[in-house]
2 protein chains.
Amino acid sequence: MYTIGQVSEMFNLPISTLRYYDKEGLFPGMERQSGIRKFSERELEALRVIECLKKSGLEIKDIKQFMAWCGEGASTYPNRKELFKNRKAIVEAEMVKLQKTLDMLKFKCWYYKTAIYDGNEERLNEMLPDKLPTEIQVLYDNAHS
Amino acid sequence: MYTIGQVSEMFNLPISTLRYYDKEGLFPGMERQSGIRKFSERELEALRVIECLKKSGLEIKDIKQFMAWCGEGASTYPNRKELFKNRKAIVEAEMVKLQKTLDMLKFKCWYYKTAIYDGNEERLNEMLPDKLPTEIQVLYDNAHS
DNA sequence: CCTTGACATAAAGTTAGGTTTAGGTATTAC
DNA sequence: GTAATACCTAAACCTAACTTTATGTCAAGG
């Protein structure tokens, strides 16, 4: 059993955030001892899932729904599975987008390295959009597709 | 040369967003013809960079700074290169986090697939935290590290 | 016994990044 | 000539996810 201060340290989250999550119903049935929150292993795993679902772009109110399902037993297994399947698809799409972003950033790093070397962008402008060095062209094409 | 409506369609962005970006100084020196914005190839490339930098987590005011640098010539090449280098590091770190998120989601998919098959979580609770099938254990460990 | 520190609540405040509204201009279609 | 479109501005509005503020309780240390 942990106090809110301990959990705050463990997860590197402000105490105010933990209280906010609780108020929003993300820890249904969390124990209390004379008003003071007691975080058990169940709440810690809930927090790990909260961080995961938040990172997947899910809103607090939908995370609350998931936590409610967890308290309703086996009948909600399919709902929960479907939720994770959907979030997985969304994060996979996000990874593809982020890879494109990364390729753009790598291209721009090369671009300015070259511009600094040349002192201007003239040679670069001649190479654009399809006469770049092979490896750079791959980055450019992926970033602009 | 494109109107705001055409650019809105091309980039799938609301017109209001383009006007907001303009107001925030993200298209310095954009041409106008009797009050009406004229987007040239320069503004389209600016928009691609805006989307990239936004996705990297950069704030609008810092994107504005970058656009200002672009109008200041070769002396700001090092600033611009440094910016992209930093954003690249940030996005790479983000990718690692997102991979952990994805592994958690994959684990949970397997978890509920198994729970549905078993009808309960008893067997799963016995396997946790370190007696999972090899492939799943890898996901679980990465997600919880 | 009184101060310090950790906990509690309710309610107001904050922030970024837009979006909407209200009112106006200019061009084209019939 | 009037109706529909596409453009314009300034300013108010919106939203999610926190964060801060004001106020209070309670236990332990000196």
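All chains are named by letter (A, B, ...) in the order of the sequence lines, taking the proteins before the strands, and each is independently numbered beginning at 1. These numbers come from the heavy atoms of this one structure, side chains and all, not from hydrogens, waters or symmetry mates.
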Exercise for the section: Check the surroundings of atom NZ in B/K64: do more than 12 heavy atoms from other residues, nucleotides or ligands lie under 6.0 Å from it? Expected result: no

Exercise for the section: Measure from the side-chain N and O atoms of B/Q137 to the backbone N and O of B/L132, and report whether any donor-acceptor pair falls under 3.5 Å. Expected result: yes

Exercise for the section: Walking along DNA chain D from 5' to 3', note the first and the last nucleotide with an atom under 4.0 Å from a heavy atom of chain B, and give both. Expected result: D/dC7 to D/dT9

Exercise for the section: Could you check A/E94 against B/K55 for salt bridge (charged side-chain N to carboxylate O under 4.0 Å, His left out), going step by step and ending with a plain yes or no? Expected result: CA-CA 10 Å; A/E94 185 61 23; B/K55 201 123 195 76; 2.9 Å; yes

Exercise for the section: Assess whether atom CD of A/Q99 is packed by more than 12 heavy atoms of other residues, nucleotides or ligands within 6.0 Å. Expected result: yes

Handout entry: Terminal contacting nucleotides, 5' and 3', DNA chain C versus chain A (heavy atom, 4.0 Å)
Key = C/dC7 to C/dT9

Practice task
Please work out which residues in residues 39-61 of chain B have a non-hydrogen atom less than 4.0 Å from an atom of DNA chain D and list them by number.
Solution key: none

Practice task
Please say whether more than 12 non-hydrogen atoms of neighbouring residues, nucleotides or ligands are located less than 6.0 Å from OH in B/Y2.
Solution key: no

Exercise for the section: Output yes when B/R123 and B/E126 qualify as a salt bridge under the 4.0 Å nitrogen-oxygen rule, no when they do not. Expected result: no

Exercise for the section: Could you label the plane-to-plane angle of the A/F66 and A/W69 rings as parallel, tilted or perpendicular, counting under 30° as parallel and over 60° as perpendicular? Expected result: perpendicular

Practice task
Could you check whether the rings of A/Y112 and B/F84 sit parallel, tilted or perpendicular, using 30° and 60° as the cut-offs?
Solution key: parallel

Completion exercise
In numerical order, the residues of residues 16-34 of chain B whose heavy atoms come under 4.0 Å of DNA chain D are B/R19, B/R32

Handout entry: Selection residues 35-58 of chain A - residue pairs positive for ring pair (Phe, Tyr, Trp, His ring centres under 6.0 Å), sequence neighbours left out
Key = A/F27-A/F39

Practice task
Mind jotting down which residue pairs meet the salt bridge (charged side-chain N to carboxylate O under 4.0 Å, His left out) criterion with at least one end in residues 34-49 of chain B? Sequence neighbours excluded, please.
Solution key: A/K108-B/E45, B/D22-B/R37, B/E41-B/R48, B/E45-B/R48

Problem - Note, A/L53 side chain near A/D62 side chain (heavy atom, < 4.5 Å) - result: no

Exercise for the section: Evaluate the salt bridge (charged side-chain N to carboxylate O under 4.0 Å, His left out) criterion for residues B/K88 and B/E92: first the C-alpha distance (whole Å), next the side-chain angles of each, then the deciding distance (0.1 Å), finally the verdict. Expected result: CA-CA 6 Å; B/K88 178 171 162 284; B/E92 279 167 348; 3.5 Å; yes

